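Heavy-atom basis, side chains included; hydrogens, waters and symmetry copies ignored. In this chain, numbering begins with 1 at the start of the sequence shown. Only a predicted model underlies this, so the values are computations on that prediction, with no experimental measurement involved.
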Amino acid sequence: MATDSTPETRWLTPDEQQAWRAYLRASRLLEVALDRDLAHHGTQLSEYEVVSMLSEAPAGRMRMSALADLVVQSRSRVTHTAARLEKRGWVRREACVDDRRGVELVLTEQGRAHIDDMARCHVNSVREHLLDVLTPQEFRDLGHSMQKIRDALAEPGQAGDAIR
């Protein structure tokens with residue numbers, strides 16, 4: 001972890017600064033584009049991500065704390081997202097089957113009915129705004145680089161392979 005007590009700051013070179021700023025801007029623009037495309041389905045990227053993870057989970061249910069870790073959002077943000085999705089009837093909260101103190105988010109049939117159209121939209125958006133912009137090798141290199149960063153930043157106990 002970087003601290004102010006570091007003996008000497010290793011300032012970014014001009015090339016590093018250019019690459020860093022390109023990454024920041026591109027990652028934010030990509031998220032805006034993906035969010036904008038999903039808006040046609042009345043949802044946001046953060047909502048789609050939660051519903052998508054639930055659709056892939058066994059029995060369409062997942063402990064909310066594990067879901068927050070998986071989508072890299074705070075527990076309070078996932079709680080707010082879950083509340084919005086509950087109002088639409090796409091999810092419901094239930095006590096954990098194996099630990100009644102915990103809460104699981106469960107994908108409803110209504111939520112499952114919406115996931116296919118949203119998934120098609122999302123995949124087309126990812127292709128248009130990311131995959132079609134890069135060569136296959138550039139995309140593989142990007143994936144490899146992001147996996148290294150993910151693994152370096154993952155909290156102890158978080159499965160590196162859980163996020164794909």
With side chain to side chain donor-acceptor pair (under 3.5 Å) as the criterion, how do R140 and Q137 come out once you've worked through the C-alpha distance, each side chain's angles and the decisive distance to 0.1 Å?
CA-CA 5 Å; R140 280 190 297 277; Q137 184 59 51; 3.0 Å; yes
Return the [atom1] to [atom2] distance between [X] and [Y], rounded to the nearest 0.5 Å.
X    : Y    : atom1 : atom2 : value
M53  : L107 : CE    : CG    : 12.0 Å
W11  : E16  : CH2   : CD    : 13.0 Å
S55  : H114 : OG    : NE2   : 13.5 Å
C121 : D37  : SG    : CG    : 5.5 Å
Q73  : L67  : CD    : CG    : 8.0 Å
S145 : E138 : OG    : CD    : 11.5 Å

Quick check: do [X] and [Y] have side-chain heavy atoms less than 4.5 Å from each other?
X    : Y   : answer
L105 : R93 : yes
L70  : M62 : yes
S46  : V71 : no

For S52, what residues pass the side-chain hydrogen bond (donor to acceptor under 3.5 Å, both in side chains) criterion, not counting sequence neighbours?
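With sequence neighbours excluded, S52 shows a side-chain hydrogen bond (donor to acceptor under 3.5 Å, both in side chains) to no residue whatsoever.
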Do V123 and L45 belong together in a cluster built from hydrophobic side chains that touch within less than 4.5 Å?
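No; tracing contacts between hydrophobic side chains, which count when under 4.5 Å, never links both residues.
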For residues V103 and V106: do they belong to one hydrophobic cluster (side chain heavy atoms under 4.5 Å, members Ile, Leu, Val, Met, Phe, Trp, Tyr)?
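Not linked; separate clusters.
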Does R84 form a side chain to side chain contact (heavy atoms under 4.5 Å, CB included) with Q44? I'd like the steps, not just the answer.
CA-CA 11 Å; R84 288 192 308 273; Q44 301 169 1; 3.5 Å; yes
Spell out, as yes or no, whether a donor-acceptor pair under 3.5 Å connects the side chain of R120 to the backbone of D116.
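Checked: pair present.
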Quick one: do V51 and R112 satisfy side chain to side chain contact (heavy atoms under 4.5 Å, CB included)? Show the steps, please.
CA-CA 8 Å; V51 172; R112 200 170 292 285; over 6 Å; no
Minimum heavy-atom separation for Q17 and L12, please, with both atom names.
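That would be OE1-CD1, 3.4 Å.
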What are the two closest heavy atoms between W90 and T43, and how far apart are they?
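Closest approach of W90 to T43: CZ3-OG1, 4.2 Å.
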Anything under 3.5 Å between a donor and an acceptor, one on a side chain of residues 21-31, the other on a protein residue two or more places apart or in another chain? List them.
| residue | atom | partner | partner atom | Å |
| --- | --- | --- | --- | --- |
| S27 | OG | Y23 | O | 3.0 |
| S27 | OG | L24 | O | 3.0 |

ring-ring contact (aromatic ring centres under 6.0 Å, His included) contacts touching residues 33-54 (sequence neighbours left out):
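Qualifying pairs: Y48-H122.
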When you look at CZ of R127, are more than 12 heavy atoms from neighbouring residues, nucleotides or ligands closer to it than 6.0 Å?
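At most 12 heavy atoms, drawn from other residues, nucleotides or ligands, come within 6.0 Å of this atom.
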Take atom CD in Q18; do more than 12 heavy atoms of anything else shown fall under 6.0 Å from it?
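No, not enclosed.
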Look at D151 together with K148 and state whether they make a salt bridge at an N to O cut-off of under 4.0 Å.
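No.
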